[in-house]
2 protein chains.
Amino acid sequence: MNELNKPVHRSSECDLTKEPVFRGLPKESIAAIKRICRVRTYREGQTVIADQTEPSFTGCIAEGILRMQKTLPDGRQHIVGLLVSHDMFGRVFHHRSNFDVEAATNARVCCFDRRALEDLLSRDAALERLFLVNVLDELDAAREWIILLGCRRVSERLAAFLLILCRRWTNVHGVLSGNADRIRVHVPIGRADLANYLGTRPETISRAVHALADDGVIAIHDSQTFDILNLPRLVATAGNGGFGLERP
Amino acid sequence: MNELNKPVHRSSECDLTKEPVFRGLPKESIAAIKRICRVRTYREGQTVIADQTEPSFTGCIAEGILRMQKTLPDGRQHIVGLLVSHDMFGRVFHHRSNFDVEAATNARVCCFDRRALEDLLSRDAALERLFLVNVLDELDAAREWIILLGCRRVSERLAAFLLILCRRWTNVHGVLSGNADRIRVHVPIGRADLANYLGTRPETISRAVHALADDGVIAIHDSQTFDILNLPRLVATAGNGGFGLERP
DNA sequence: GAATTTCAATGACCGCCGTCAAGATCCGCC
DNA sequence: GGCGGATCTTGACGGCGGTCATTGAAATTC
């Protein structure tokens with residue numbers, strides 16, 4: 001498929017300045033963060049950070065999708081979040097990670113050595129501010145997720161999930177395309193992952209997807225790509241989950 | 001019951017220095033934060049921050065329990081978190097709250113004027129660091145919650161909830177008492193709230209609680225107070241939910 | 001102390017979904 | 001092109017839990 005077997009470290013090609021996350025930072029802050037940035041490349045299925053280990057770096061996704069998950073003693077695993085372009089992960093000022101982070105697709109990640117980053121943040125208030133606001137956003141995302149999981153029916157959770165994709169991942173490369181009439185959503189994970197993500201089983205996901213298609217709310221382009229035909233009815237299906245995620 | 005109808009502002013009695021949250025801060029940071037702290041008192045049921053409004057302050061709970069929730073268009077509400085002593089809430093550097101914050105019990109809250117706090121944080125790196133780490137902890141708590149909600153059976157979620165109470169709220173006033181043999185847990189919310197919290201209905205909560213009691217895992221002291229008789233079996237009941245929340 | 005309200009507990013019914021099993025589809029590989 | 005594996009789909013069955021209704025207990029009011 002491709003030649004990558006382990007993360008490739010490259011000291012170049014860190015185009016952080018273009019990332020909206022770093023928009024508005026003073027020039028010297030950008031220069032400083034760029035200096036400690038190393039790009040790593042992961043291929044699908046690789047582990048980025050293992051549960052209960054102390055990661056040596058904090059990252060910001062340049063391309064691709066990572067999956068945060070907890071592998072449970074009974075072997076099952078539950079996904080607690082998906083990370084897409086521009087999302088940050090890894091805990092500054094905390095030692096152990098409480099989750100696995102795995103590549104859900106091939107991914108490129110800007111990595112900051114944790115120690116160097118902590119030193120930098122201590123000296124650069126603007127940067128620290130940026131990280132603080134970023135974590136606050138993650139917190140909001142996590143709470144949106146909690147509301148989604150509070151939906152009782154799988155169909156509601158699925159609809160709410162598609163809405164989150166539409167709302168939060170607008171312009172994230174490869175997820176959304178099409179116009180308002182026929183929004184095309186590409187779900188970047190398979191049925192099994194999606195089932196873990198929504199707290200159910202693959203069979204039930206399959207049924208729920210086809211139920212939405214039978215009702216004319218969506219059309220199935222392929223097993224991971226849907227066209228949203230009737231957004232209002234999708235919102236109605238989501239019920240509770242369709243709300244709770246308004247953004248400024 | 002008591003004479004409080006609206007929050008009472010008091011400029012005294014802010015004992016922040018004793019709170020573990022602020023432990024380790026330089027003296028001048030503590031003095032500065034104390035200077036902008038005002039204590040407010042809320043009675044059970046009062047709204048602290050309304051959804052989609054711009055709160056004028058950020059708070060740290062001195063006593064009592066607050067409930068973060070989203071009221072949904074169909075009138076139901078879903079709780080996304082409980083806040084106990086020493087927990088902080090309210091979003092620095094962000095304008096609108098995405099949730100309601102209500103007093104679940106009578107509560108005393110240390111409030112920091114948002115504008116003043118933001119100014120302060122800009123000038124005090126140690127304080128900003130403290131807030132950053134604090135938000136990171138909230139994030140972990142939210143993700144523990146996501147794992148809990150990923151449990152399929154209500155009995156698992158209930159067991160996991162009780163374990164979170166034991167684990168995270170040790171020494172929080174009024175929640176835990178007793179020794180290792182017979183841990184007494186006081187659940188600070190009623191069945192309806194608990195049902196919202198666990199993504200189910202009050203009747204099902206009732207059944208699950210009594211099922212645990214019939215199995216000898218817990219004893220019901222009163223409808224909101226349980227004695228944990230068999231911790232290992234409670235962990236076993238929690239299954240997945242019993243894990244995912246190890247702390248350093 | 002009786003009445004009203006609120007909350008918890010219990011039973012009956014049934015629908016959603018977890019489970020198991022089988023078939024279909026797509027993929028890489030030889 | 002044929003084969004084997006992984007993934008997705010579909011069906012049948014049964015149990016958990018959502019819903020409704022009723023009873024009981026506790027708190028507040030008059």
Side-chain angles (χ1 to χ4, degrees), chain A residues 1-2 43-45 72 74-76 78 104-105 149-161 186-215 218-226 237-241, chain B residues 1-2 43-45 72 74-78 104-106 149-161 186-215 218-226 237-241:
Chain A
M1 176 185 302
N2 73 44
R43 82 188 272 185
E44 182 177 336
L72 302 157
D74 62 4
R76 295 193 297 190
H78 193 244
T105 68
L149 287 177
C151 293
R152 309 206 205 304
R153 300 186 193 175
V154 171
S155 57
E156 295 178 26
R157 299 204 290 273
L158 176 63
F161 172 72
H186 179 72
V187 179
I189 52 177
R191 289 283 184 277
D193 273 348
L194 191 52
N196 283 330
Y197 206 29
L198 299 181
T200 181
R201 316 254 91 197
E203 299 92 325
T204 307
I205 294 287
S206 192
R207 278 185 260 266
V209 168
H210 285 270
L212 280 180
D214 291 346
D215 288 353
I218 66 172
I220 301 173
H221 182 259
D222 67 49
S223 73
Q224 296 196 1
T225 312
F226 313 127
T237 306
N240 310 331
Chain B
M1 176 187 301
N2 73 45
R43 83 188 271 186
E44 181 176 336
L72 302 156
D74 62 5
R76 295 193 296 189
Q77 51 191 22
H78 194 243
T105 67
N106 292 340
L149 287 177
C151 293
R152 308 206 205 305
R153 298 186 194 175
V154 171
S155 58
E156 295 179 26
R157 299 205 290 274
L158 175 63
F161 172 73
H186 179 73
V187 179
I189 52 179
R191 290 282 184 276
D193 272 349
L194 190 52
N196 284 330
Y197 206 29
L198 298 181
T200 182
R201 313 255 92 196
E203 298 92 326
T204 308
I205 293 286
S206 193
R207 277 185 262 266
V209 168
H210 285 270
L212 280 180
D214 290 347
D215 287 354
I218 65 172
I220 301 174
H221 181 259
D222 66 51
S223 72
Q224 296 195 5
T225 312
F226 314 126
T237 306
N240 310 331

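Lettering of chains follows the sequences in order, A, B, ..., and the numbering in each one begins at 1.
Protein atom CG of Leu198(A) is 12 Å distant from nucleotide atom P of dC17(C), rounded to whole Å. Arg152(B) has its CZ atom 6 Å from the P atom of dT19(C), to the nearest Å. Rounded to whole angstrom, the span from the CG atom of Asp222(A) across to the C1' atom of dT9(D) amounts to 15 Å. The CG atom of Leu158(B) sits 15 Å away from the C1' atom of dC16(D) (whole-angstrom rounding). Atom NE2 in His221(A) sits about 17 Å away from atom C1' in dC8(D), given to the nearest Å. Note: CZ (Arg153(B)) to P (dG17(D)) measures 7 Å, nearest angstrom. Rounded to whole angstrom, the span from the CD atom of Gln224(A) across to the C1' atom of dA6(D) amounts to 13 Å. Atom C1' of nucleotide dA8(C) and atom CG of Leu194(B) are separated by 13 Å, given to the nearest angstrom.
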inquiry  = What verdict does the side-chain contact (heavy atoms from CB on, under 4.5 Å) test give for Val154(B) and Leu198(B), after you've listed the backbone C-alpha separation in whole Å, the side-chain angles of each residue and the deciding distance to 0.1 Å?
reply    = CA-CA 8 Å; Val154(B) 171; Leu198(B) 298 181; 5.6 Å; no
key: Steps toward side-chain contact (heavy atoms from CB on, under 4.5 Å) verdict (Val187(A), Phe161(A))   = CA-CA 10 Å; Val187(A) 179; Phe161(A) 172 72; 4.1 Å; yes
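In this structure, Thr237(A) and Glu156(A) approach most closely via the heavy-atom pair O-CG, 3.3 Å. Closest approach of Ala195(B) to Pro202(B), counting heavy atoms only: CB-N, 3.4 Å. Annotation for Ile205(A) and Arg191(A): closest pair CG2-CD, 3.5 Å, computed over non-hydrogen atoms.
Taking every heavy atom of residues 203-211 of chain A and every atom of DNA chain D, pairs under 4.0 Å involve Glu203(A), Ser206(A), Arg207(A), His210(A), by number.
Looking at His221(A), its side chain never comes within 3.5 Å of a backbone N or O of Phe226(A) through a donor-acceptor pair.
At dT19(D), one or more side-chain N or O atoms of Arg201(B) fall inside 4.0 Å of OP1 or OP2 (strictly under the cut-off).
Heavy-atom distances to DNA chain D give each of Arg191(A) and Thr200(B) a nearest nucleotide, and the one nearer the 5′ end belongs to Arg191(A).
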